[in-house]
Each structure stands twice: as C-alpha cells, then as structure tokens.
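Below: one structure, written as structure tokens.
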Amino acid sequence: MLQLLPYPKASHPTGSIRVDGEEIVGAAEPVLRSTRGNRISMIFQEPMTSLNPLQTIERQINEILSVHRGMEAQAARTRTLELLRLVGLQNAEQRLNAYPHQLSGGQRQRVMIAMALANEPELLIADEPTTALDVTVQAQVLALLRSLQERLGMAILLITHDLGIVEHMADRICVMSDGELVETGDTRSVFGSPRHAYTRMLISAEPGGRKSRPPPDAPEVVTGDGVKVYFPIKAGIFRRTVDHVRAVDGVSLNVRERHTVGVVGESGSGKTTLGLALLRLIKSGGAIRFDGQAIQGRGFKDLRPLRREMQIVFQDPFASLSPRLSAGQIVEEGLLVHGLGGTYEERRRIIGDALREVGLDPDIQDRYPHEFSGGQRQRIAIARAMVLKPRFVVLDEPTSALDRSVQAQIVDLLRDLQERHDLAYLFISHDLKVVRALADEIIVMRDGKVVERGSADRVFEDPQTAYTKALMAAAFDLAADESGTVRA
C-alpha cells in the first residue's frame with residue numbers, strides 16, 4: 001500500500017490502491033513522500049530492524065517531526081516526550097538519549113508506535129504491533145490504539161497472527177492463505193461460523209495439553225542463588241557511576257532434569273537478563289552452579305567444555321541465524337567448535353538427524369534462512385541447540401513471532417525433545433497460554449525481583465499477588481470478584 005516492496009523483485013503488475021481517491025500504484029515520488037508517514041504510517045513487526053542502531057531515540061522521532069511538520073528542536077523534543085509518555089514508556093526523559101540496543105524488545109516496540117503516531121495519520125498499518133509485548137502492556141497498547149482511533153478518526157489495518165487480538169480489535173476480518181483472501185466478513189460471523197477450512201484450523205489451533213509430570217526428586221541441573229545483574233548509570237563530564245539499573249536483583253532458582261521453569265513478567269522485568277546470567281553470557285553476582293559445579297567467576301577457557309551442555313534458543317530466529325550461512329552450516333557450527341562429528345560426511349549425517357528430529361527434511365541443509373518460513377527458521381534454531389545434546393536449554397520467547405498453528409507445533413516439539421533427552425528448560429515468555437502448556441514451575445518477575453513463585457497449577461489457578469492476577473486477567477480475559485479471587 002505504501003509502495004515499499006523491493007523493485008524489481010516485487011511489483012504491482014495489476015490492481016489499484018487509492019488513498020482518498022488518489023491512485024497510489026505508479027504514483028510519482030513526491031506523491032508517495034507526502035503519503036508515507038504523514039497520511040499513512042506503519043508500525044513494523046520487528047523494531048530492531050526498523051530503528052537506526054546509530055541514532056538515539058530522540059533523534060529518530062525528531063526526524064519525523066522535522067521532515068513532516070518543520071518543528072524546531074525544542075518543540076520536537078517536547079512532542080517526542082509527549083509521544084513516549086503516550087505509549088507508556090517509563091522514564092521517558094531518561095530514554096531520549098538511549099540507543100535501540102539499550103532498550104528491551106517491548107520498549108523498542110513502544111518507540112516504533114510513537115514514531116508511527118507522530119503525525120496523527122489517517123490510516124495506521126499495524127504489522128504485528130504487540131508481538132514483542134507482554135500481556136499487560138499488550139492490553140495497554142491496544143487500548144491506546146483504540147482511544148487514538150476514536151480521538152483522531154484514524155483507520156487501522158491490523159496485521160496479526162494473534163486471533164485474540166483480532167477478536168478484540170477488529171470490525172471486519174480478512175483471512176489470507178498463500179497470498180489470497182480465503183474468507184472475509186464481520187468479526188462476529190467469522191469467529192461464530194467460519195466457512196473456510198483454513199479459518200476453522202486457525203481458530204481451533206492453540207497450544208494446549210499438559211506435559212507429563214516429571215519426578216519431583218530429579219537431579220538439579222542449574223542452580224542460582226541470589227543472582228544479581230546491575231548496569232551502571234553514568235553522569236557528568238567524567239562519566240562517574242551515580243546509580244545502577246537493577247536488571248536482576250537477588251533471584252534464586254533451581255532447574256531440575258526434565259523440569260521446565262517458566263519465567264514470566266512485563267517487558268524489561270529482567271527475564272532475558274536472568275537467562276543470560278545463568279548461562280554466564282553476561283557478568284553477574286551471586287552463586288551459579290551447573291551440575292553441582294560452581295561456575296561463577298570461571299574464565300572463558302574453563303567454561304568452554306561446559307558450553308555444549310548449556311544452550312539457548314533466541315526469540316527472533318531471523319536475527320539469530322546468520323544470513324550468510326546455510327541451514328547445515330548453522331547447525332554444524334557448534335560441532336566444529338567442540339570438535340564433534342569427525343569427518344565432513346559424519347557431520348552431515350549428524351546434522352541431518354538433528355533436522356529430522358525437529359521435523360525438517362535433512363535435504364534442506366544447503367538452503368539459506370531467507371528461504372524458510374518463521375516456523376522453519378525457529379526449528380533450525382532449535383536444531384542448532386539440540387545437535388550438541390545439551391542438558392540445559394534457555395528458551396527465550398521461542399514462539400512469540402509464530403502464528404498460532406505453528407506455536408502449537410513448536411510447543412509439542414519442545415515437550416517431545418525434553419522427554420526424549422531428559423532436558424532441563426528455562427522457558428521465558430510473555431505468552432501465558434504457551435507457558436501453561438510447558439511449565440512445571442512458574443517464576444513471576446517484576447523490576448528484577450521475583451514477586452511470586454510456585455507450581456504452574458497453583459500460580460495459574462490461585463495467584464497470590466495483585467501483579468500476577470493482573471497478568472492472568474490480561475492473558476485469559478479473567479475478572480476478579482469482590483473478594484479478589486480471579487474467575488473466568
């Protein structure tokens with residue numbers, strides 16, 4: 001619609017797109033410039049690939065205000081602060097000089113939304129706008145978009161794989177499959193009586209079921225005691241440390257064989273930082289033990305033999321897979337580092353077995369990441385971790401970028417791999433439905449601290465803190481009665 005497809009690889013051979021009666025297909029560049037970002041804005045799915053890594057947040061939003069509205073620096077700064085507060089970014093003034101890599105995924109997405117709303121467009125194209133956000137922030141952002149829509153008379157084209165959001169937000173629905181519309185209609189009729197088989201499959205597909213209960217006395221694989229990760233805040237001419245961001249503040253946990261510990265909480269609560277600390281990928285305080293061995297304070301060489309037993313699957317497979325390596329080379333990398341597999345032919349066989357185990361054809365080894373779907377890329381990322389036969393795997397939002405049907409497949413795959421190889425999982429997610437399908441124990445984090453912990457059944461059925469109740473309410477559309485008990 002914005003004529004942003006890469007030419008000549010993609011083009012509009014036929015058809016028409018009109019904005020207020022003005023034809024956009026084939027329009028001159030000045031017409032397109034006046035339309036993009038002014039009359040039509042877009043929130044992109046992956047903010048890290050859309051934000052400039054070399055510019056501060058303030059400069060990136062100011063650029064929009066300067067180009068489209070001709071604002072002076074002070075006026076642009078005031079408007080930027082107003083926008084950041086509007087989208088709920090905490091400590092907005094302190095974030096102005098931050099770079100994208102210094103923000104969490106949810107915070108970056110809020111910045112993207114602020115940029116899209118800067119010029120109060122007539123049409124907002126929201127491409128998976130809440131994928132990286134936790135459930136409470138997701139509810140806030142959706143409420144924000146609704147209120148802005150009513151206040152500005154703005155039209156929204158919402159692109160998403162989350163049918164819960166569609167049901168909550170949309171007036172009309174268009175269901176696409178293989179580049180074609182297979183069903184359209186108002187929200188009530190599509191959800192109430194879907195006509196197409198693909199629509200029925202999407203509505204019925206949801207991560208569910210429960211994994212078999214692991215033995216409670218299973219051996220501990222990873223133990224953390226009082227884990228702390230502090231990032232210094234520097235100020236003044238000499239950049240002295242004046243305070244610290246307490247990303248993880250005294251967290252203790254243990255992960256047993258065949259057990260899954262689910263870590264939930266808002267964006268920026270310290271979930272991913274905790275996982276990286278347990279893997280010794282960032283500097284931390286407190287005690288960390290792997291298989292009974294103290295690993296805190298060990299050097300790079302001392303830790304290297306343990307690395308094959310501690311693996312991670314990242315949130316965004318497209319960002320974590322090298323575009324210059326084939327699928328086979330990506331999975332092979334760990335084998336080469338740890339001197340496994342012997343000959344090239346032997347490694348190819350091991351890689352083929354790993355790909356087959358995650359549901360992929362071994363013949364795809366020579367294809368590159370851009371040639372796969374999101375679900376296939378995530379399976380390659382899982383194969384890369386599993387090929388080394390680890391004992392402990394950190395799963396950092398491994399299903400957040402996937403549609404509902406693929407989510408269910410990945411959850412089933414992870415459960416199967418855990419039972420087959422006696423794996424210990426630390427599962428980080430803001431999607432509580434997925435957490436419920438996988439976790440044995442839940443840790444709820446907020447501002448770097450654990451605010452509640454317990455068995456998955458207990459936490460989901462009888463949350464104790466107001467914060468946990470709010471998370472459950474946002475995720476499962478629950479309500480609390482007068483006594484505070486959360487009910488369906």
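For the numbers below, each heavy atom of this structure counts, side chains included, while hydrogens, waters and symmetry mates do not.
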Under 3.5 Å side-chain donor-acceptor pair for T80 and E58
no
Looking at V190 and T184, what are the two nearest heavy atoms and their distance?
CG2-C, 4.3 Å
Quick check: closest heavy atoms across V358 and R379, and the distance to 0.1 Å?
O-NH1, 2.6 Å
Ignoring hydrogens and angles, state whether a donor on the side chain of Y230 or D249 is under 3.5 Å from an acceptor on the partner side chain.
yes
Please check: side-chain N/O of R280 versus main-chain N/O of I295, any donor-acceptor pairing under 3.5 Å?
yes
Short question: side chain of Q3, backbone of L32 - any donor-acceptor pair under 3.5 Å?
no
Closest heavy-atom pair and its distance - Q55, P100
O-CD, 3.5 Å
Atom pair CG/CZ of D396 and F427 - distance to nearest 0.5 Å
9.5 Å
Hey, is R240 close enough to D243 for a salt bridge, meaning N to O under 4.0 Å?
no
Is it the case that the side chain of E167 and the backbone of F191 share a donor-acceptor pair, with hydrogens and angles ignored and the cut-off at 3.5 Å?
no
If every non-hydrogen atom of L145 is compared with every non-hydrogen atom of M169, which pair is closest and at what distance?
CB-CE, 4.2 Å
Is a donor on one side and an acceptor on the other found under 3.5 Å between the side chain of E452 and the backbone of T468?
no
Using 0.5 Å steps for rounding, measure from the CG atom of L158 to the CG atom of D127.
9.0 Å
How many angstroms lie between atom CG of L117 and atom CD1 of I64, to the nearest 0.5 angstrom?
10.0 Å
Give the C-alpha distance, both sets of side-chain angles, the deciding distance and a yes or no for side chain to side chain contact (heavy atoms under 4.5 Å, CB included) between V444 and V450.
CA-CA 6 Å; V444 183; V450 174; over 6 Å; no
Flag side-chain contact, heavy atom, 4.5 Å: K469 against P463:
yes
Run R85 and E93 through side chain to side chain contact (heavy atoms under 4.5 Å, CB included) and show every step you take.
CA-CA 9 Å; R85 288 171 181 147; E93 196 156 1; 3.9 Å; yes
For residues L103 and I57, determine if any side-chain heavy atom of one lies less than 4.5 Å from a side-chain heavy atom of the other.
yes
D225: partners by side-chain hydrogen bond (donor to acceptor under 3.5 Å, both in side chains), with sequence neighbours left out
S252
If only atom types and distance count, is the side chain of S41 paired as donor or acceptor with the main-chain N or O of A116 below 3.5 Å?
yes
Student check: side-chain heavy atoms of Y425 and V255 closer than 4.5 Å:
no
Count the heavy atoms belonging to other residues, nucleotides or ligands that lie under 6.0 Å from CZ of R146, then report whether that count exceeds 12.
yes
Hey, is the main chain of Q74 close enough, under 3.5 Å, to the side chain of T78 for a donor-acceptor pair?
yes
Check whether any side-chain heavy atom of L123 lies under 4.5 Å from a side-chain heavy atom of I125, and answer yes or no.
yes
Rounding to 0.5 Å, atoms CD (E397) and OG1 (T272) come to a distance of 6.5 Å
Any salt bridge between E333 and R384, counting N to O under 4.0 Å?
no
Could you check if a side-chain atom of P390 sits within less than 4.5 angstrom of a side-chain atom of R308, using non-hydrogen atoms only?
no
Is it true that a side-chain atom of R298 and a backbone atom of A294 form a donor plus acceptor pair closer than 3.5 Å?
yes
Does a donor on one side chain and an acceptor on the other come within less than 3.5 Å for R95 and Q102?
no
Does any non-hydrogen side-chain atom of V229 lie less than 4.5 Å from one of K283?
no
Are any of the side-chain heavy atoms of L432 and F460 separated by less than 4.5 Å?
yes
Regarding D171 and T187, do their side chains bring together a donor and an acceptor under 3.5 Å, going by distance alone?
no
Taken to the nearest 0.5 Å, the spacing of N97 CG from Q94 CD works out to 10.5 Å
Would you check if the side chain of K271 reaches a backbone N or O of G265 as a donor-acceptor pair within less than 3.5 Å?
yes
Does N119 reach the side chain of R69, with side-chain heavy atoms less than 4.5 Å apart?
yes
Regarding R79 and E120, does a basic nitrogen lie under 4.0 Å from an acidic carboxylate oxygen?
yes
Closest non-hydrogen contact found for Y368 with S326 is CE2-N, 3.5 Å
Go through it in stages, so that I can follow the logic: the residues are I443 and V264, the test is side chain to side chain contact (heavy atoms under 4.5 Å, CB included), and I'd like the CA-CA distance, side-chain angles, deciding distance and then a yes or no.
CA-CA 6 Å; I443 291 176; V264 302; over 6 Å; no
Considering only residues two or more places apart or on different chains, which pairs with a residue in residues 20-34 satisfy salt bridge (charged side-chain N to carboxylate O under 4.0 Å, His left out)?
D20-R39, E22-R39, E29-R36
Can you tell me how far the CG atom of L279 sits from the CZ atom of F392, to the nearest 0.5 Å?
5.5 Å
Which of T223, L253, V394 passes side chain to side chain contact (heavy atoms under 4.5 Å, CB included) with L278? It is L253
Side chain to side chain contact (heavy atoms under 4.5 Å, CB included), that's the test. Do E122 and M154 meet it? Break it down for me.
CA-CA 5 Å; E122 300 166 40; M154 181 173 63; over 6 Å; no
If I compare all heavy atoms of V31 with all of T35, which pair ends up nearest, and what's the gap?
O-OG1, 2.9 Å
Count the heavy atoms of every other residue, nucleotide or ligand shown that sit under 6.0 Å from CZ of R59, and state whether that count exceeds 12.
no
